[in-house]
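Notes for the one structure printed next.
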Amino acid sequence: MIVLTQKLTLPHRIDAGALVPAALAGLSLAQIEALSLKTGLKVGDVFTVAKSDGDVVVFRTQDQAVDCIGEGMGEGEIRVEGPAGRYAGRSMSGGTLHIVGDAGDGAGQGKSGGLLVVAGKAGDFVGSALPGRTSGVSGGVILIKGSVGQRFGDRMRKGVMIALGDAGDFCAARAVAGTIWVRGRLGQAPAQGLKRATLLLEHAPDALPTFQDCGVVEMPVLRLLLPSLDRLAGTRVADSSDYRAHRHLGCIGVDGRGEVLVLA
Amino acid sequence: MSAPKIINGISIDETFAEAFPMVGARIIVTARTERWAMNAGLAFTGFATSVIGCGCEAGIEKVLSGAETPDGRPGLSILLFAMGDDALKGQLTNRLGQTILTCPSTACFSGLTTGKKAALGNMIRYFGDGYQLSKVIDGQRFWRIPVMEGEFLVADFTHYQPAVGGGNLLILADDGEKALFACEKAVDAMRKVPNCVLPFPGGVVRSGSKVGSKYKALFASSNDAFCPTLKGLAHTQLSPETGSVLEIVIDGLSFEDVAACMKEGIRALTDGGRASGVHRISAGNYGGNLGPFHFKLHELLP
Amino acid sequence: MLTRLKGGRLYDPAHQVDGATGDIWIENGRIVAKPANGAKPDVDHDITGMVVMAGGIDIHSHIGGGKVNLARALMLEDHETYKHAPQDGLRAGSGVATPSTFSTGYRYAQMGYTAAFEPAVVISNARHAHLEMSDIPMIDKGGYLMLGNDDILLQMLASKREQSAVNDYVALMVQATGCIGVKIVNPGGISAFKFNQRNLGLDEDTAFYHLNPHRIVQSLAQAVHDIGLVHPLHIHCNNLGVPGNFQTTLDTVRAVEGLPIHLTHVQFHSYGAEGDRHFSSAAAHIAEMVNATPNVNVDEGQSMFGQTVTASGDTMTQFRNAGFGDPKKSICMDIECDGGCGLVPFNYKDKNFVNALQWTIGLELFLLVNDPWRIFLTTDHPNGAPFTTYPHLIRLLMDKTFRNEKLAGINKHAAAASTLGSIDREYSLYEIAILTRAGPSRILGLKDRGHLGEGAAADIAVYAPHANAETMFDTPKLVFKDGELVVRDGQIVKTVWGATHVAQCDFGHSIEKEVEKWFATWKGTRFSNFVLSKDELEADGRSRWVGHNLARRS
Amino acid sequence: MGVMSPDAKTDRVCPYCPLHCDDLIVSAQGEILSGGCEIACGHSSQIPLLQPTIAGQAVTRQQAEGEAARLLGQAHAPLISGLACDVDGLRAAVAVADQCRGFFDHGASDGFFNGLRVLQRRGALLTSPAEVRNRADVLVVFANQPWSRLPRFFDRYVPSGAQLFNDAPANRKIVLIGGSHAPDPLDGADVQVIPADLSKAAELALVLGALVAGRTPAVASSAGIAIDTLKEIAQALKAASYGVVAWENGDFGPHGDLAVEALYDLILTLNQTTRAAGLPLPPGGHVSGAHQVGLWQAGTPLRTCFTAEGPVYDSQLYSRAKLLADGRADLVLWISAMPGAVLPKIDDLPVILLSSTAPPDGPPPRVYIPVATPSLDHDSVFFRGEGVVSLHASRWRSPAPYLSVAETLAQISNQLPKGEQHPC
């Protein structure tokens with residue numbers, strides 16, 4: 001539909017939140033160039049705008065200075081060819097946001113639906129709560145193919161979040177519900193204040209002082225969950241054909257009944 | 001009665017089976033082995049022959065291989081029919097809680113994807129006493145209820161839909177033994193038809209009933225017009241050659257399903273020919289005044 | 001400069017003027033008589049046929065102070081949704097349930113209101129409340145000091161000090177905090193909660209002091225009367241929101257033995273416990289009491305459907321209700337041996353039985369209390385609803401057809417349980433003017449506000465008549481504040497700064513020494529740095545401190 | 001300490017730390033005669049000799065104000081920060097941020113936001129100094145060594161004398177978790193000092209919460225404290241009539257909000273059966289005042305951007321540190337009229353510095369304007385650090401030759417282009 005190519009030098013960071021497929025559909029190039037960005041500049045000051053075939057809005061970025069790509073999108077598809085700045089896919093409720101490069105902090109924050117894929121690595125607070133909100137991601141799927149920073153899945157409420165690489169400190173803190181799968185290794189203090197969510201791991205974390213050790217048990221739900229995650233991630237979960245996992249129940253500091261599952 | 005049609009020496013009455021609207025739900029039960037799925041399934045569908053006394057009618061529709069079930073384990077599909085929404089919901093959760101939740105290694109899933117919703121896990125999750133967890137997988141919610149064995153996995157709800165109950169065939173034979181063996185063959189064939197169950201034991205009922213009774217407390221009573229020991233009565237429907245009558249009752253998710261099932265039954269019975277001891281096929285109705293679904297036997301002939 | 005408003009229909013209940021056509025002349029911020037010398041106006045507004053009332057006065061609205069600011073911090077959602085940029089000399093701002101100070105002033109003026117009173121000034125937070133009110137443009141302000149859970153007073157009562165000492169203490173604190181009234185919130189209950197008491201009825205003893213609320217209310221009502229405050233004790237009864245609490249409300253009235261009192265947000269205190277759900281309307285009981293008891297005034301605290309936040313000094317109640325929070329979060333705070341505060345976001349839903357019944361109870365009260373001079377239009381902003389819902393509320397009162405349409409849309413069990421549909425009363429413009437102008441000014445002793453007589457401050461709202469009262473009251477044609485045109489067609493055309501109304505009390509100096517010592521010993525701070533002065537508040541040029549001298553009654 | 005003179009002024013409010021002790025006695029020249037702690041007494045009572053500068057060159061105040069206005073007028077996205085000043089100065093600062101469509105954050109708000117984030121998403125159950133002073137029978141403090149910045153903390157919050165509601169305050173139990181030693185005023189009281197690793201405070205609080213609720217963690221120690229010791233603390237809090245859990249927001253690191261939230265959960269658990277409340281230790285630099293003023297004027301807290309649509313708040317993106325690191329701001333107006341918000345090193349942006357002390361060493365700010373010290377030089381209002389009580393401070397000494405922050409900003413604001421729409 002539209003290709004927005006970032007001009008090389010930007011005076012300061014750009015908030016591209018307004019430029020979602022539904023808002024651009026039907027506009028002429030001149031109309032798009034004249035759109036105001038939240039930060040005061042016009043689209044034409046920041047991007048070279050061109051038409052393209054198909055229904056995808058493409059951002060060609062140079063650096064992580066373009067924030068809020070896909071913010072609030074409810075439908076359609078955005079493809080970022082290059083890195084995305086902070087808050088990519090914030091508050092998105094539907095559609096697909098595919099970031100071919102890396103994503104900055106706060107990607108998918110407050111997201112309630114849709115698919116967010118980051119082919120590279122992603123920053124801190126991916127899938128966390130909007131400021132002042134009681135809960136984080138409340139729907140849809142976030143797939144980070146690389147590693148992800150601290151507070152991955154903070155206060156998650158519903159949905160699926162996957163990091164195929166490592167995840168930083170305080171992963172899944174305060175997660176209320178939903179499924180967070182990290183293939184790689186975790187930083188310190190995962191799952192603190194976990195309420196009812198699942199943190200699914202392939203490598204045991206260093207310590208889980210506020211969890212009760214349930215030992216290795218058969219988990220019927222894995223028969224559904226693992227194939228589903230495989231399909232979402234386009235990859236195979238580590239061999240887990242007997243659907244057993246080491247289950248840790250908690251967090252007992254908040255009367256939590258969530259779980260950290262380490263695949264056996 | 002107008003002219004019967006005769007196939008392979010068996011005469012088929014020009015009459016119709018009269019059936020009623022019901023609501024029907026399908027659930028899938030899986031287990032570690034087919035044996036344990038069957039244990040659960042038999043208990044779930046036990047004592048579910050007639051809504052009159054059981055509150056619902058249910059049966060095992062099909063045995064499923066691991067390739068056909070949501071969790072890749074062997075299982076069954078089960079259909080349950082009831083006269084209304086509340087009855088269906090009550091029966092589903094009661095039977096789920098007593099026969100599947102309790103049965104080792106089972107899991108329970110929805111077997112329909114459209115229609116109204118009836119709670120499965122969403123009702124019995126409270127058994128988990130606060131330790132139950134829900135998990136949404138591919139857009140569907142499941143409940144994980146801790147049990148002594150491990151965890152019971154159950155779908156949040158199943159769907160249900162309008163259905164048809166009370167399709168039937170009356171098999172009139174020379175004697176009881178011949179009637180029974182002929183019915184076995186018919187049942188085997190009819191049970192291959194999807195979306196239907198034959199809720200009575202072995203699919204066959206001997207005590208076909210009429211509406212009403214001389215005793216005020218009873219809604220239904222012996223179908224005396226088809227009882228061979230009462231052949232001398234004025235209103236008997238039986239000719240002298242009839243030594244025994246059995247009935248096959250069919251519940252299905254739609255008129256077409258029940259029709260297909262009855263058709264398969266007639267085919268199996270007529271394939272056996274007069275030599276099987278069956279000489280006549282009829283059906284039960286109430287004069288067309290009670291049920292909107294009329295399965296005319298002559299339209300179901302092979 | 002001489003201004004004339006020509007040909008309006010005047011609604012001035014203080015002078016029994018009910019829609020008569022007339023001119024209003026304004027000079028030097030005051031309403032004046034038509035110049036005898038035949039002088040021509042410098043500015044002439046032809047408002048022929050338009051409705052003219054004095055500026056609206058909100059007698060009970062949480063507009064400033066520590067808990068309002070806590071509510072702002074808590075309710076980010078509110079401030080993300082409603083915000084405005086600086087333009088044409090106006091400041092930026094945000095929020096509707098807990099608007100920023102500038103937004104508060106602008107919105108009130110845009111509805112034709114020219115004064116609002118903050119009803120819960122915590123002693124130790126009084127300066128903060130005034131600082132915020134000093135940053136509210138467009139309107140006059142004033143505060144009611146929260147007493148009755150302050151440990152000084154409770155200790156005085158527990159040690160059976162004479163009433164004159166209590167009177168002196170109340171007078172001193174009203175003076176020191178720059179307030180114009182005294183409020184009591186959950187008498188004794190806020191203190192009791194600090195001792196882990198979770199409920200408190202009117203005749204139950206409080207933990208530690210072993211005082212019953214009955215005694216606290218009685219003594220404070222007496223003090224307020226004796227020191228000469230025009231506004232009687234402003235009472236937020238015990239058991240707010242508790243089913244069956246109407247009995248507590250009735251008992252509170254009996255407890256004061258005929259002293260004048262003001263029962264605030266009475267909607268929240270008119271609940272029965274009948275029916276399958278043990279929650280019912282006792283509006284008829286309360287209205288009957290008000291009709292029969294001339295010493296009692298009430299304000300409504302009408303609840304309206306939608307998102308808001310409840311902000312109260314009643315920590316005991318708010319802690320109990322925290323679980324109802326929507327979104328699910330809450331703040332409670334114990335404050336300086338003076339009181340407390342509690343904040344719980346609330347989303348009143350028309351399909352919820354309790355919320356719907358609360359709405360009907362409020363309206364029933366409005367319609368069953370006969371004397372409009374003794375009931376005042378409030379939503380207990382933001383507790384029942386933001387003050388911006390007033391035009392809608394006015395329409396509900398004035399338009400029975402509209403009211404019944406709305407009634408048909410609420411929870412059907414609540415609608416069935418309510419007598420609202422059978423009440424035919426419709427408020428007239430004259431009565432609305434009493435509810436929102438004349439009544440409040442009289443009960444607050446604001447002699448030059450709330451009416452259109454000569455000598456009154458020229459706080460005037462001009463509305464274009466409209467069949468839909470909500471439309472009419474939502475967007476006045478013209479609003480004048482102290483004679484200056486500040487709003488035209490609902491838009492602010494000039495920023496002005498209203499006055500702060502303060503009672504001037506006498507008190508004995510021995511009490512000052514006593515309080516100074518208390519502050520130094522128990523609070524660890526100096527009374528001299530706590531006391532607010534006219535000079536301090538007027539220093540920045542925004543505030544104007546208008547003193548109202550009191551005559552002691554004993 | 002000098003000798004009390006007849007013209008000594010009593011009840012003076014100290015501007016140097018967030019306790020804002022208000023019982024100081026000062027001489028006519030502003031010298032502290034009584035009530036000053038080591039921090040207060042460490043400040044000179046002399047009025048410093050300071051000169052406005054532009055790029056390090058001395059200019060008149062009017063020239064400096066004019067240059068500041070010119071820079072602010074040109075800026076697309078000015079950051080108004082520092083904000084260590086009195087309430088009137090803060091009101092003027094918000095007005096300038098509003099007028100210039102700027103960002104608004106305090107110079108030392110990181111720790112404060114550990115608490116505010118939790119208050120915003122969960123809430124809070126808090127108490128205030130006089131309640132602690134008179135009511136607390138168990139006080140558990142999670143802080144490394146706050147006494148050095150709050151020298152009179154114990155004097156103000158837990159003095160050794162009687163309590164209003166506790167006849168035997170000697171029985172009051174005080175547990176200092178994280179500190180290596182107890183400060184002096186506590187001698188003789190029941191004080192337990194327990195060293196701990198407060199970077200693990202979230203875990204520690206969750207473990208305590210589990211113990212209070214009767215659940216047993218599967219570890220032998222947490223944050224370096226043995227479980228048996230923690231059990232005792234949990235029991236003491238549970239048995240207390242009014243337990244107070246205090247903490248230093250800034251000691252919990254960049255993800256300290258998780259620790260604060262865990263402490264909030266602990267407090268909520270305690271309140272199921274008894275009373276308990278939280279007490280964040282007061283932050284420095286008048287953060288609490290800046291928070292209050294910004295909040296009532298904008299409706300949104302610190303870390304607000306005054307955009308074309310109105311105030312927009314983002315506690316992460318609009319922090320002063322992140323704005324500078326991201327290059328989102330193109331000018332910095334830094335206000336430091338009292339201690340607590342030191343100008344950070346800023347190389348690549350023009351800086352306008354309003355300070356009551358000389359600019360820090362290094363390259364001079366683009367514009368420097370000396371300002372008076374509130375309380376010392378002019379009557380002013382402070383919020384005490386807990387944010388509840390605000391005090392009127394009468395000046396200590398003759399007016400300084402400098403304008404107050406409010407007056408200086410008013411001068412600058414008057415010279416800003418009127419009605420111009422500044423992009424942000």
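Letters go in sequence order (proteins before strands), and every chain restarts at 1.
- Taking the side chain as every heavy atom from C-beta outward, D:L258 and A:R151 approach each other to under 4.5 Å.
- Heavy-atom distances place the side chain of A:Y87, and not its backbone, under 4.5 Å from chain D.
- Contact annotation for A:D213: neither backbone nor side-chain heavy atoms come within less than 4.5 Å of a heavy atom of chain D.
- Between D:Q316 and A:D124, every side-chain heavy-atom pair lies at or beyond the 4.5 Å cut-off.
- For chain A, the nearby parts of D:E261 are the backbone and the side chain; heavy atoms of each come within less than 4.5 Å.
- Residue A:R185 places its CZ atom among 12 or fewer non-hydrogen atoms of other residues, nucleotides or ligands, all under 6.0 Å distant.
- By the neighbour-count criterion of 12 heavy atoms within 6.0 Å, atom CZ of A:R157 is sparsely surrounded, having that number or fewer from other residues, nucleotides or ligands.
- Counting only heavy atoms from C-beta outward, the side chains of D:R328 and A:D67 approach each other to under 4.5 Å.
- The most heavy-atom pairs under 4.5 Å with chain A, out of D:D330, D:D326, D:V212, come from D:D326.
- Contacts of D:A262 with chain A are made by both backbone and side-chain atoms, with heavy-atom separations under 4.5 Å.
- Residues A:P131 and D:Y313 come closest through the heavy atom pair CB-CE2, 4.0 Å.
- Counting heavy-atom pairs under 4.5 Å between each of D:T269, D:V219, D:L266 and chain A puts D:V219 at the top.
- With salt bridges taken as basic N to acidic carboxylate O contacts below 4.0 Å, none links A:R86 and D:D314.
- Closest non-hydrogen pair, D:E203 versus A:T210, comes out as O-CG2, 4.3 Å.
- Here the shortest heavy-atom pairing between A:P209 and D:P217 reads O-CB, 3.9 Å.
- The pair A:R174-D:D265 counts as a salt bridge, with a side-chain nitrogen and a carboxylate oxygen less than 4.0 angstrom apart.
- Interface residue A:Q212: only side-chain heavy atoms are found under 4.5 Å from chain D.
- Remark: side-chain polar atoms of D:R121 are not paired, donor with acceptor, to backbone N or O of A:R133 under 3.5 angstrom.
- Annotation: the span from D:R122 atom CZ to A:T134 atom OG1 amounts to 9.5 Å, rounded to 0.5 Å.
- Here the shortest heavy-atom pairing between A:G193 and D:L206 reads N-CD1, 3.8 Å.
- Contacts of D:L317 with chain A are made by both backbone and side-chain atoms, with heavy-atom separations under 4.5 Å.
- Only the side chain of A:Q150 comes within contact range of chain D, with heavy atoms under 4.5 Å apart.
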